[in-house]
Protein chains: 2
Amino acid sequence: MSDTPDKPDHVTEPFTVAGLRIDVLDEAFSWYIRSIDTVVSRDLDQRTAHLDVAKGKGKITTLLLVDGYPGIRPSQIAEVLMRDRPATGRIIDHLVKAGDIRRESDEDDQRAQSLFITEKGSALAQEVRDIIRTQENDFFDFIPPEDRQEFMRVLKRAYINMRNKLK
Amino acid sequence: MSDTPDKPDHVTEPFTVAGLRIDVLDEAFSWYIRSIDTVVSRDLDQRTAHLDVAKGKGKITTLLLVDGYPGIRPSQIAEVLMRDRPATGRIIDHLVKAGDIRRESDEDDQRAQSLFITEKGSALAQEVRDIIRTQENDFFDFIPPEDRQEFMRVLKRAYINMRNKLK
DNA sequence: GGCAGTAGTTGTTTTTCACAATTAAAAAGT
DNA sequence: ACTTTTTAATTGTGAAAAACAACTACTGCC
């Protein structure tokens, strides 16, 4: 049962992390995605620590969406974030309290809300854009230009693929 | 300063998410990484919900490391996880309490610990390996085989790059 | 022997995350 | 016209996870 742990010695490149191989994980896309996420997210938290959008996932996307689509509704944001509505609602709460966006109730549909950016939020959005760009450079500039498009293409397909699975 | 927001109209494909463009984010690697992570992690939580390694990042890696490297020390695990020692220590606590690994104090260094897998942990590790492989198939099988190596190569480089930045 | 550095633990605080239940409005069926 | 079903969003809640700081114990060097 708990027999011989067969070493996969047919694997060409024995990739090691800090000198260690990590079993199935070192050929698992998900492991790298998750590890990179850890670092990128932590780094982003630090870069945005002084801003209203600091911490957690979703605030930045929400802010930029509201900036780009005046009158956008919470449910649309939730769909992009792939989060449930309670989570999305709280992100919106946060940004409303901070004065970066404001809520209005939708003209056509009294249940729904329309979200709009404020001046403060607009300035914040610009600051955030700069931070994102800087971080992209810091972390991903090692990717040779000719590889970038391909890498992005695969990432986008992975993302789309996952969205479809959620339905 | 905060002048004209120049539309990058030289970008060939105006990629949209749920019919929306997401500003700088839709050309940001980090955004896709973070989004994909959200889904992959949530999915993994569900798949492992009935196991001791459910929830959060690090338990699975820890388990497999201990399985692969009998006598490994917590600090080595922390380095792979890119987490601080308190976080790593708690993951170890959790697995020890669950009876999947056990601690011994290192022969040579009384401060340090050596970790070992138990029989229960060994069985769990096997189960986890299967889950990881299944998830990889479910989420990433859309990547044509010829693109996989390249995608993995970039991910690994990104990961290594980030580890080095942490030092 | 004293001091600096390393290994790990404990404590604490803040936040997140996901699920369930509720209110309210619109749309659809009869 | 009136009931039922769906949709939009909020509130409540409980369990955790992540990051920091402070602490104990041991090693190894001058």
Side-chain angles (χ1 to χ4, degrees), chain A residues 34-35 37-49 51-62 66 71-79 81-98 101-115 166, chain B residues 34-35 37-49 52-62 71-79 81-98 101-115 166:
Chain A
R34 279 157 57 86
S35 298
D37 170 81
T38 301
V39 179
V40 169
S41 296
R42 190 157 48 202
D43 177 77
L44 194 57
D45 280 351
Q46 284 164 4
R47 290 183 201 255
T48 58
L51 302 175
D52 300 334
V53 292
K55 294 242 164 190
K57 288 171 182 168
K59 297 198 189 73
I60 291 177
T61 304
T62 300
V66 174
I72 193 173
R73 305 210 276 199
S75 56
Q76 294 180 279
I77 295 174
E79 200 177 346
L81 297 181
M82 297 186 285
R83 285 282 208 24
D84 60 14
R85 279 196 287 259
T88 307
R90 275 169 182 133
I91 290 171
I92 292 168
D93 276 350
H94 177 81
L95 291 174
V96 168
K97 273 178 201 148
I101 64 180
R102 77 190 141 77
R103 284 189 242 242
E104 283 183 20
S105 76
D106 192 293
E107 296 264 302
D108 307 325
D109 187 340
Q110 287 301 110
R111 297 170 299 182
Q113 305 173 351
S114 301
L115 301 174
L166 294 186
Chain B
R34 280 158 56 86
S35 298
D37 170 81
T38 301
V39 178
V40 169
S41 296
R42 190 158 45 202
D43 177 77
L44 194 57
D45 280 352
Q46 285 165 4
R47 289 182 203 256
T48 59
D52 301 334
V53 291
K55 292 241 164 192
K57 288 172 184 169
K59 296 197 191 74
I60 291 176
T61 304
T62 300
I72 193 173
R73 296 203 215 167
S75 56
Q76 295 180 278
I77 294 173
E79 201 177 344
L81 297 181
M82 297 187 284
R83 285 282 206 22
D84 60 14
R85 278 197 287 262
T88 308
R90 276 170 182 133
I91 290 170
I92 293 168
D93 276 350
H94 177 80
L95 291 175
V96 168
K97 273 179 199 145
I101 64 181
R102 77 191 141 77
R103 284 189 244 243
E104 282 183 21
S105 78
D106 192 292
E107 296 265 301
D108 307 325
D109 187 340
Q110 288 301 110
R111 297 170 297 184
Q113 306 172 349
S114 300
L115 302 174
L166 294 186

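Every chain is numbered from 1, with letters handed out A, B, ... down the list of sequences. Computed from a prediction, not measured in an experiment: that's the story for all the values here.
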>> Closer than 3.5 angstrom, by distance alone: can the side chain of A/K59 be matched with the main-chain N or O of A/A54 as a donor-acceptor pair?
In response: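 A pair under 3.5 Å: yes.
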
>> With a 3.5 Å distance limit and no angle check, can you tell me whether A/R34 reaches the backbone of B/V40 through a side-chain donor-acceptor pair?
In response: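 No; zero donor-acceptor contacts below 3.5 Å.
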
> Bend angle of the helix from C/dG1-D/dC30 to C/dT30-D/dA1 from five-pair axes at both ends, rounded to 10°?
Replying inline: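 Between the axes fitted at each end of the helix from C/dG1-D/dC30 to C/dT30-D/dA1 lies an angle of 20°.
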
> Pick the nucleotide of DNA chain D nearest each of A/R73 and B/P86; which residue has the one closer to the 5' end?
Replying inline: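 Taking each residue's closest nucleotide, the earlier one in sequence belongs to A/R73.
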
>> Can you work out whether A/Q46 or A/S114 has the more 5'-proximal nearest nucleotide on DNA chain D?
In response: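 Looking at DNA chain D, the more 5' nearest nucleotide goes with A/S114.
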
Without decimals, in angstroms, what is the distance between [X] [atom1] and [N] [atom2]?
| X | N | atom1 | atom2 | value |
| --- | --- | --- | --- | --- |
| B/Q113 | D/dT24 | CD | C1' | 13 Å |
| B/D37 | C/dT16 | CG | P | 15 Å |
| A/I72 | D/dA9 | CD1 | C1' | 15 Å |
| B/R34 | C/dT16 | CZ | C1' | 13 Å |
| A/R83 | D/dA9 | CZ | P | 17 Å |
| A/L81 | C/dA18 | CG | P | 12 Å |
| A/R103 | C/dA24 | CZ | P | 16 Å |
| A/D45 | D/dA18 | CG | P | 12 Å |

> Which sits closer to the 5' end of DNA chain C, B/A112 or B/K55, going by the nucleotide each is nearest to?
Replying inline: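 In this pair, the answer is B/A112.
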
In the structure I gave you, are the side-chain heavy atoms of [X] and [Y] within less than 4.5 Å of one another anywhere?
| X | Y | value |
| --- | --- | --- |
| A/M82 | B/T38 | no |
| B/K57 | B/D37 | yes |
| A/V66 | A/I77 | yes |
| B/H94 | B/T62 | no |

>> To check you understand the geometry: which heavy-atom pair defines the closest contact between B/Q113 and B/R103, and what is its length?
In response: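 Heavy atoms only, the tightest pair is OE1-CD, 3.2 Å.
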
> Going through the distances and angles, do A/D43 and A/R47 end up as a salt bridge (charged side-chain N to carboxylate O under 4.0 Å, His left out)?
Replying inline: CA-CA 6 Å; A/D43 177 77; A/R47 290 183 201 255; 2.6 Å; yes

It should be established whether [X] places a side-chain nitrogen or oxygen under 4.0 Å from OP1 or OP2 of nucleotide [N].
| X | N | value |
| --- | --- | --- |
| A/R42 | D/dA18 | no |
| B/K59 | D/dA17 | yes |
| B/R85 | D/dA21 | no |

> Which letters describe nucleotides 25-30 of chain D, given B = protein heavy atom under 4.0 Å from base, S = only from sugar-phosphate, - = neither?
Replying inline: BBS---

> How many angstroms lie between CZ in A/R73 and OG in A/S105, if you round to the nearest 0.5 Å?
Replying inline: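 Rounded to the nearest 0.5 Å, the CZ-OG separation comes out at 11.0 Å.
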
>> Using a heavy-atom cut-off of 4.0 Å across all strands, would you classify B/A87 as base, sugar-phosphate, or nothing?
In response: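 Nothing, no heavy atom under 4.0 Å.
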
>> Just to be sure I understand the rule, does B/D84 reach a base, reach only the sugar-phosphate, or reach nothing, if contact means heavy atoms closer than 4.0 Å?
In response: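 B/D84: base contact, heavy atoms under 4.0 Å.
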
> Residues from residues 88-96 of chain B sitting under 4.0 Å of DNA chain C, heavy atoms only?
Replying inline: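 Result for residues 88-96 of chain B: B/G89, B/R90, sorted by number.
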
